[in-house]
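Data first, discussion second: the structure below is written as structure tokens.
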Amino acid sequence: MKKTKGKFFILPGFGQKASGKEYSWLTSLLKSRGLDVIKVPIKWKRQTNTKISKDFIKFYNKHKSSSKNYILGFS
């Protein structure tokens, strides 16, 4: 198994998905640098910022690495 340099969480901009084409270049770049890319799924409709934040914290705690973690948000 290939060892990664850590996990990189991508939080998409408002109304977008991290799996969208606007993030594909970033995903490719990060993977080429040895990072495990985690695309954070966000449900935008009928959600408050507080709810989205709480959902992300749960997701992060479930998927985070025991070594290094990076988070990049676009909204």
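Heavy atoms only: backbone and side chains are in, while hydrogens, waters and symmetry mates are out. In this chain, numbering begins with 1 at the start of the sequence shown. Everything quoted here is computed from the prediction, not taken from an experiment.
Counting only heavy atoms from C-beta outward, the side chains of Asn61 and Lys64 approach each other to under 4.5 Å. Annotation: side chain of Val40 is in contact with side chain of Phe59 (closest heavy-atom distance under 4.5 Å). Taking the side chain as every heavy atom from C-beta outward, Leu30 and Ile10 approach each other to under 4.5 Å. Looking at heavy atoms from C-beta onward, Ile42 lies in side-chain contact with Ile52 at the 4.5 angstrom threshold. You'll find the side chain of Tyr60 reaches within 4.5 Å of the side chain of Ile71, heavy atoms only. Contact of the Lys17 side chain with the Tyr23 side chain is not registered, since no non-hydrogen atoms from C-beta on lie closer than 4.5 Å. In this structure the side chain of Ser24 never reaches within 4.5 angstrom of the side chain of Thr27, judged on heavy atoms.
Between Phe56 and Phe9, the ring planes lie perpendicular to each other; the angle is over 60°, past the 30° to 60° tilted range.
Residues forming a side-chain hydrogen bond (donor to acceptor under 3.5 Å, both in side chains) with Lys51 (at least two apart in sequence, or on another chain): Asp55.
Rounding to the nearest 0.5 angstrom, the gap separating the NZ atom in Lys58 from the NZ atom in Lys62 is 11.5 Å. How far CG of Asp36 is from NZ of Lys5: 13.5 Å, rounded to the nearest 0.5 Å.
Atom CG of Asn49 has 12 or fewer neighbouring heavy atoms from other residues, nucleotides or ligands inside a 6.0 Å radius.
Under 3.5 Å, the side chains of Thr48 and Thr50 contain no donor-acceptor pair of N or O atoms.
The nearest pair of heavy atoms linking Gly6 to Ser67 is CA-OG, 4.4 Å.
With Lys7 contributing its side chain and His63 its backbone, the two residues share a donor-acceptor pair below 3.5 Å.
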key: Derivation and outcome, side-chain contact (heavy atoms from CB on, under 4.5 Å), residues Leu35 and Tyr70   = CA-CA 10 Å; Leu35 292 160; Tyr70 305 92; 3.8 Å; yes

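Remark: aromatic rings of Phe74 and Phe14 are distant, center separation not under 6.0 Å.
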